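Lettering follows sequence order; numbering is per chain, from 1. Computed from a prediction, not measured in an experiment: that's the story for all the values here.
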Amino acid sequence: MASKPSTYSLEEQVPTPFDFRSTIQAHGWVVLRPFEWHEPTAALSRIHRLETGKVVQLHLHDGNKVIRIEIDTVSSLTTDEETEIRQSVRRMLRLDEGFEAFHQLSKQLDGQSLALKPGSGRLLRCPRLFEDIIYTLCTTNIAWSGTKRMVDRLVAKLGDPFMDIHDQRAFPTAEAIAAAGTDFLKQETGLGYRSAYVWELATAIVEGQVDLDAFEDQALPTDELYRMLRQIKGVGDYAASTILMLLGHYDRLAIDSEMRAFVSTKYFDNQPASNDQIQAIYAPWGRWQYLAYWFESLSN
DNA sequence: GTCCAGGTCGCGC
DNA sequence: GCGCGACATGGA
């Protein structure tokens with residue numbers, strides 16, 4: 001049992017401009033395990049299970065035009081593992097997405113009320129789509145405190161530990177969730193009726209009936225992705241639209257109680273707003289409408 | 001105890 | 001295609 005971790009350091013180029021703090025903190029995922037934000041060092045950490053099964057701890061720091069990646073690991077990393085980590089970081093921070101058009105449109109349309117900081121626009125996501133979908137399912141029909149609680153327990157009960165440290169665990173694999181079964185999920189993680197949805201998705205992935213990599217194809221139109229996502233049980237209109245955002249498709253609003261309340265207050269004098277009315281508000285933003293809403297509600 | 005939370009499903013019409 | 005009740009759980 002190796003006990004002393006070694007630390008690797010990698011660097012990953014970032015686009016310019018790039019706002020590290022906004023990317024991480026503009027979205028709630030940062031407070032969901034195994035994400036962790038450490039303010040004194042301004043570092044984002046995440047216990048991460050590699051495809052090989054090796055569990056490492058990642059620490060991301062803002063560098064000069066780079067992300068510095070520190071990796072705590074009990075055994076040395078192969079080239080493939082390094083590559084996997086780099087790709088995970090690129091996905092989490094959306095380093096391959098461009099937001100120039102969003103900023104340009106913002107100046108054109110609404111430069112006053114939606115003051116975007118240079119380099120903002122990116123919203124943190126998980127290293128893998130599977131994790132983003134489970135997080136999203138944990139936001140449905142529940143208060144945010146409940147989301148945190150459910151994710152906490154899911155990780156605590158089913159995630160692989162880092163260096164045998166019991167409260168330092170990676171996000172569970174589909175295999176672990178599938179093997180756990182719905183009774184376990186209900187009793188141990190507090191997922192409630194969502195247990196069946198989470199278990200069914202995990203099982204479908206393990207059995208090869210669902211291939212989530214197919215969803216990452218940027219060439220697929222939003223409507224088609226939406227139809228594909230809706231086939232996952234438990235993923236309704238809100239969840240599908242949220243997952244589309246996570247996939248980098250911002251041309252569809254995820255209308256939920258939060259958005260309804262915000263739009264009603266800001267644009268309709270606290271009167272209830274219909275879906276059509278909400279969509280009309282953000283329609284001018286075209287393929288950026290989700291982000292327009294998101295950053296508008298943040299700056300409020 | 002009762003209500004409800006960043007919804008969704010499966011019904012019946 | 002739309003309206004409605006049920007759904008697990010825990011905090012207010």
Side-chain angles (χ1 to χ4, degrees), chain A residues 24-33 35 123-126 129-158 172 177 180-204 210 223 225-247 249-268 270 272-279 281-282 289-300:
Chain A
I24 287 159
Q25 304 212 320
H27 194 243
W29 269 198
V30 66
V31 302
L32 300 180
R33 292 295 196 96
F35 277 126
L123 300 178
L124 179 68
R125 55 183 177 174
C126 295
L129 177 58
F130 174 67
E131 301 165 353
D132 280 327
I133 296 178
I134 303 299
Y135 275 12
T136 301
L137 285 172
C138 289
T139 67
T140 58
N141 196 26
I142 191 92
W144 183 243
S145 61
T147 301
K148 286 193 280 190
R149 186 178 55 246
M150 291 190 293
V151 173
D152 262 9
R153 293 192 195 167
L154 203 47
V155 171
K157 300 287 181 178
L158 293 173
I177 292 174
T182 52
D183 287 345
F184 180 93
L185 290 172
K186 258 193 194 173
Q187 288 156 22
E188 303 292 330
T189 70
L191 260 75
Y193 68 89
R194 299 168 197 77
S195 299
Y197 303 147
V198 168
W199 181 82
E200 276 183 42
L201 174 62
T203 302
V210 168
D223 287 349
L225 281 167
Y226 179 83
R227 281 192 291 274
M228 290 161 63
L229 287 165
R230 286 298 302 269
Q231 289 175 7
I232 301 171
K233 209 185 276 183
V235 174
D237 178 68
Y238 153 80
S241 304
T242 300
I243 296 163
L244 282 170
M245 172 280 281
L246 290 160
L247 284 166
H249 299 262
Y250 308 111
D251 51 336
R252 186 178 180 104
L253 298 175
I255 300 178
D256 58 13
S257 56
E258 283 286 308
M259 184 182 292
R260 227 173 261 296
F262 173 76
V263 172
S264 150
T265 302
K266 175 151 183 178
Y267 294 100
F268 294 96
N270 288 319
S274 70
N275 285 12
D276 286 348
Q277 286 175 311
I278 295 172
Q279 276 154 2
I281 295 289
Y282 294 102
Q289 47 191 292
Y290 187 109
L291 291 181
Y293 155 73
W294 192 267
F295 283 93
E296 191 180 271
S297 71
L298 275 188
S299 62
N300 209 52

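The A:N141 side chain lies nearest to B:dA5 when the options are B:dG6, B:dG10, B:dA5. Which of B:dG6, B:dG10, C:dA8 sits closest to the side chain of A:D256 comes down to B:dG6. Listed candidates were B:dG10, B:dG6, C:dG11. Nearest to the side chain of A:K233 is B:dG10. Here the nucleotide nearest the side chain of A:R153, chosen from B:dT8, B:dA5, C:dG10, is C:dG10. Listed candidates were B:dG6, C:dA8, B:dT8. Nearest to the side chain of A:R194 is C:dA8. Distances were taken from every side-chain heavy atom of A:R230 (C-beta onward) to each of B:dG7, B:dG6, B:dC9; the shortest belongs to B:dC9.
Rounded to whole Å, the distance from CG on A:D276 to P on C:dG1 is 15 Å. Look at CE on A:M150: it is 11 Å from P on C:dT9, rounded to the nearest Å. Atoms CE (A:M259) and P (B:dG7) sit 11 Å apart, rounded to a whole Å. The interatomic distance linking A:Y238 (OH) with B:dA5 (P) rounds to 14 Å, in whole Å. Remark: P of B:dC9 and CG of A:L137 are 10 Å apart, rounded to the nearest angstrom. In this structure, A:Y197 atom OH and C:dT9 atom C1' are separated by 14 Å, rounded to whole Å. If you take CZ of A:R260 and C1' of B:dA5, they are 15 Å apart, rounded to a whole angstrom. For the pair A:D132 CG and B:dG6 P, the interatomic distance rounds to 20 Å; values are reported in whole Å.
Between the side chains of A:N270 and A:T265, at least one donor N or O sits under 3.5 Å from an acceptor N or O. No hydrogens or angles considered: nothing links the side chains of A:S241 and A:Y290 as a donor-acceptor pair under 3.5 Å.
Taking only distance into account, the side chain of A:Y193 meets the base of B:dG7 through a donor-acceptor pair shorter than 3.5 Å.
Residue-level contact check: A:A239 touches the backbone only, with heavy atoms under 4.0 Å from sugar-phosphate atoms and none from bases. Using a 4.0 Å heavy-atom cutoff across all strands shown, A:G234 reaches sugar-phosphate atoms only and no base atom. Among the protein residues, A:Y290 comes within range of no part of the nucleic acid, since none of its heavy atoms lies under 4.0 Å from any strand.
Contact of the A:L201 side chain with the A:K233 side chain is not registered, since no non-hydrogen atoms from C-beta on lie closer than 4.5 Å.
In terms of phosphate contacts, A:T139 brings no side-chain nitrogen or oxygen within less than 4.0 Å of OP1 or OP2 of B:dG7.
The one candidate from A:I142, A:L191, A:V235 that meets the side-chain contact (heavy atoms from CB on, under 4.5 Å) condition with A:L137 is A:V235.
A distance of 15.0 Å separates OG1 in A:T242 from OH in A:Y135, rounded to the nearest 0.5 Å.
Of the two residues near DNA chain B, A:V235 and A:A143, the one whose nearest nucleotide lies more 5' is A:A143.
On the P atoms, B:dC11 is 15 Å away from C:dA8, given to the nearest whole Å. Atom C1' of C:dC2 sits at a distance of 23 Å from the matching atom of B:dG6, rounded to the whole Å.
Using the six-membered ring where Trp is involved, A:H27 and A:W294 have ring planes that are tilted, between 30° and 60° apart.
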